[in-house]
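Written below as structure tokens is the structure these notes are about.
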Amino acid sequence: MTMSTTTAYGVDGMTCSHCVASVTAEIAALAGAESVSVDLVTGGTSRVTVTSESELDPALVAAAVEEAGYQLVAV
């Protein structure tokens with residue numbers, strides 16, 4: 001049985017469900033990503049939780065978030 005890894009990231013700048021959908025789609029497209037959930041905090045740092053086959057490269061996650069138009073920040 002493969003053990004999945006769950007990692008939480010902070011993302012600034014998201015304000016609505018469209019923002020959540022954009023970030024979710026970009027991160028979900030990364031190789032190894034299994035699921036993405038977002039706890040939206042309008043005007044603050046939203047918590048993005050990613051379950052993946054193994055630890056994702058933080059640089060790839062940051063690039064995916066930036067591609068969606070937002071900023072990855074420390075949780």
Side-chain angles (χ1 to χ4, degrees):
M1 184 171 123
T2 305
M3 295 295 293
S4 293
T5 301
T6 301
T7 309
Y9 302 93
V11 177
D12 278 352
M14 293 194 292
T15 58
C16 65
S17 60
H18 176 73
C19 303
V20 170
S22 295
V23 169
T24 299
E26 289 294 336
I27 295 175
L30 294 175
E34 296 173 342
S35 69
V36 180
S37 65
V38 178
D39 180 16
L40 180 63
V41 178
T42 303
T45 301
S46 298
R47 182 180 182 91
V48 179
T49 304
V50 181
T51 301
S52 54
E53 295 170 1
S54 59
E55 191 77 30
L56 297 177
D57 181 340
L60 293 177
V61 176
V65 169
E66 288 170 16
E67 180 67 28
Y70 306 98
Q71 179 83 35
L72 192 67
V73 297
V75 179

Contacts under 3.5 angstrom, residues 40-50 side chains, donor-acceptor by atom type, not counting sequence neighbours:
from: Thr45; atom 1: OG1; to: Asp12; atom 2: OD1; distance (Å): 2.5
from: Ser46; atom 1: OG; to: Val41; atom 2: N; distance (Å): 2.9

Is there a donor-acceptor contact under 3.5 Å linking the side chains of Ser4 and Glu53?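 Note: Ser4 and Glu53 side chains miss the donor-acceptor criterion.
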
Item to complete: Test side chain to side chain contact (heavy atoms under 4.5 Å, CB included) on Leu30 and Val61 and set out the steps.
Response: CA-CA 8 Å; Leu30 294 175; Val61 176; 4.0 Å; yes

Sequence neighbours excluded and cut-off under 3.5 Å, please list the side-chain donor-acceptor pairs for residues 18-29, or say none.
from: Ser22; atom 1: OG; to: His18; atom 2: O; distance (Å): 3.1
from: Thr24; atom 1: OG1; to: Val20; atom 2: O; distance (Å): 2.7

Going by atom type alone, with no hydrogens or angles, which donor-acceptor pairs under 3.5 Å involve a side-chain atom of residues 67-75 and a protein atom two or more places apart or on another chain?
none

In chain order, what residues pass the side chain to side chain donor-acceptor pair (under 3.5 Å) check against Ser37, with sequence neighbours excluded?
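By the side chain to side chain donor-acceptor pair (under 3.5 Å) rule, Ser37 matches no residue at all.
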
Could you tell me which non-hydrogen atom of Ser54 sits nearest to which non-hydrogen atom of Ser52, and how far apart they are?
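Looking at all heavy atoms of both residues, the shortest contact is O-OG, 2.7 Å.
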
Using a 4.5 Å cut-off on heavy atoms from C-beta on, say whether the side chain of Thr5 contacts that of Thr51.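 They are not in contact (no side-chain heavy atoms under 4.5 Å apart), so the answer is no.
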
